[in-house]
Amino acid sequence: MRVTFTVNGREESADNVWEGESLLYVLRERLGLPGSKNACEQGECGSCMVYLDGVPVCACLVAAGQAEGRQVRTVEGLAEGDRLDAVQEAFAECGAVQCGFCTPGLIVQAHDLIARVERPSDAEIREALAGNLCRCTGYEKILDAVRLAARRKAAT
Amino acid sequence: MKPFAYVKPADVAGAVRAVSDEPGAKFLGGGTNLVDLMREGVERPDTVVDVTGLPLDTVDQLPGGGLRIGAMVRNSSLAADERVRARYPMLSQAILAGASAQLRNMATVGGNLLQRTRCPYFYDPAAACNKREPGGGCDALGGFNRSHAVLGVSGSCIAAHPSDMCVALAALDAVIEVESVRGTRRIPMTGFHRLPGDTPEIETELAPDELVTAVELPPAPFAARSRYRKVRDRASYAFALVSVAAALEVRDGAVTAARLALGGLAAKPWRAHEAERILLGGPASEESFARAAEAELAGADVRPGNAFKVHLARATIVATLRELNTGKGTA
């Protein structure tokens, strides 16, 4: 089947998509957007998160056909040109990236959190990130980064 | 994953027709359980009928004070609904206690009702499981069964029902509206799920071609004072070992309304009718709460791995009722 949807503001199509493919597969393997990572394929780890119509979801659990006509924003779509998004900047500054595999999903989820909640408490940050697993277990630096990004966002 | 055809009907009539025409078809909602099970080879539909485009995504006021929740309402939207938060707090709390934020964003109310057990033997094609392969045996009976059920179980299956949301719906006497080519019917939540008996593969009263279209919550003024308490291995993002959905109304020291349902403990969302019978009209006291909990748990059928759940459930029931009675949290 052919699937057409908007990715990071641009309409994209993929042909000969098999029904069993996920949105994640279409993004990575057909549209050349490898930012969203393929790890558990069960919705357990959060590495594949993207915005679908403005709501963060696990792209591995979205069937390709379900993306038809929708708006997708991936981690590649958060920066403005060379200027990183505040969350990306904070992750780099705080050393919140170890192997980096979980990072894109965490960035998307943290981006959504600080857009919705102006000054998230530590409990709110932990709950929001509960579905994003870091196997390097570098959670303390990740919390630092989200706090920093939230502070900077609130100050602007 | 087995190859399948994908269709996305625009209306309910088209959706129920699509499934009725094709015995190997399955409805697809948010995909958080079905897609996973298809990848594991546990579910093998020939056709997937995507129902996320159906106009069933609103929460509407009912005359008389109830709410009608469309089956395609996302779990996160329902938990955030101001009317649910004010009138049925246990439901909002239960949903927020389940899964992760991103999964709640995807999961639908209809899909949550129909999610399947997370028994590891059910998921493992190399293990014996009567639910996955009827007559194949059950490796959980003598296996690692710490997470398994103690109420409503059978010699065929001890899998626990995984949902948090359903526990609150059972306590609130929700009604499930379903549609098929034969028309519409309404099923009480407490009778929607089946106990395993000798046929653990049949989990609900739904016919294979019936689509859940809505969940109705009847008015329940006492539910404004209600609570969902979940005990699990981590602070977040884990299935319940034990959970309690409770509402309590007390006047002059006596219980005038009580609702109690249990999760993590049973083969289905477990409405604690026996406990409610003991609570109603009795004193709002620690002793009465304990007596109610013990009566409900008297029929527990435990295994070495999950015997601890009976004690944990008793303590959690009493603590939740105490909290509702005194308005104070407990340790």
Side-chain angles (χ1 to χ4, degrees), chain A residues 1-3 17-25 36 38 40-70 102 105-106 108-113 116-117 120 122-133 139, chain B residues 1-10 26-53 57 72 74-77 79-80 96-108 111 115 118 123 232 234-239:
Chain A
M1 62 180 171
R2 163 174 258 220
V3 180
V17 172
W18 177 57
E19 286 74 7
E21 284 178 24
S22 63
L23 169 60
L24 177 65
Y25 187 91
S36 322
N38 184 21
C40 76
E41 297 195 310
Q42 295 183 314
E44 288 275 327
C45 76
S47 301
C48 64
M49 286 184 64
V50 300
Y51 283 106
L52 183 60
D53 290 341
V55 177
V57 300
C58 296
C60 73
L61 294 180
V62 178
Q66 293 188 292
E68 177 68 32
R70 319 238 337 236
C102 67
L106 277 158
V108 171
Q109 183 67 355
H111 185 269
D112 174 68
L113 171 68
R116 285 184 295 106
V117 184
D122 277 8
E124 285 173 313
I125 298 173
R126 284 171 181 271
E127 176 55 32
L129 303 185
N132 293 79
L133 307 186
Y139 292 109
Chain B
M1 196 186 293
K2 195 184 98 173
F4 60 91
Y6 171 86
V7 293
K8 189 172 184 179
K26 280 256 174 198
F27 293 118
L28 171 67
T32 58
N33 194 207
L34 180 60
V35 171
D36 190 16
L37 289 167
M38 285 166 65
R39 225 163 251 156
E40 297 290 331
V42 176
E43 295 274 14
R44 302 169 59 81
D46 298 316
T47 300
V48 165
V49 179
D50 181 358
V51 290
T52 56
D57 57 351
M72 288 303 113
R74 303 292 167 162
N75 284 194
S76 48
S77 307
L96 292 175
S100 65
Q102 47 270 53
L103 293 175
R104 295 191 293 269
N105 285 342
M106 306 177 76
T108 62
Q115 67 173 304
R118 296 319 195 279
Y123 264 75
R232 48 188 156 170
R234 290 188 295 257
S236 181
Y237 200 22
F239 289 97

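Other residues, nucleotides and ligands contribute at most 12 non-hydrogen atoms within 6.0 Å of the CZ atom of A/Arg126.
Using a 4.5 Å cut-off between heavy atoms, B/Leu96 contacts chain A through its backbone alone, with no side-chain atom that close. The parts of A/Glu44 that come within reach of chain B are both its backbone and its side chain, each placing non-hydrogen atoms under 4.5 angstrom from that chain. Neither the backbone nor the side chain of A/Cys40 comes within contact range of chain B; no heavy atom of the residue lies under 4.5 Å from a heavy atom of that chain. Contact of B/Arg104 with chain A is made through the side chain alone, with heavy-atom distances under 4.5 Å. With a 4.5 angstrom heavy-atom cutoff, B/Thr32 touches chain A via backbone and side-chain atoms both. If you measure heavy-atom distances from A/Ala128 to chain B, the contacts under 4.5 Å come from the backbone alone.
Under 4.0 Å is where a charged nitrogen must lie from a carboxylate oxygen, and between B/Glu43 and B/Lys26 at least one such pair does.
Interface remark: of the candidates A/Glu127, A/Gln66, A/Gln109, A/Gln66 forms the most heavy-atom pairs closer than 4.5 Å to chain B. When the candidates B/Val48, B/Leu37, B/Val35 are compared by the number of heavy-atom contacts under 4.5 Å with chain A, B/Val35 comes out ahead.
For B/Arg74, there are no salt bridge (Lys or Arg N to Asp or Glu O under 4.0 Å) partners, not counting sequence neighbours. By the salt bridge (Lys or Arg N to Asp or Glu O under 4.0 Å) test, A/Asp112 pairs with A/Arg116, sequence neighbours left out.
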Could you go step by step and tell me if A/Asn132 and B/Gln102 meet the side chain to side chain donor-acceptor pair (under 3.5 Å) rule? CA-CA 9 Å; A/Asn132 293 79; B/Gln102 47 270 53; 2.9 Å; yes
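Aromatic ring orientation, A/Tyr51 versus A/His111: perpendicular (interplanar angle above 60°, classes split at 30° and 60°).
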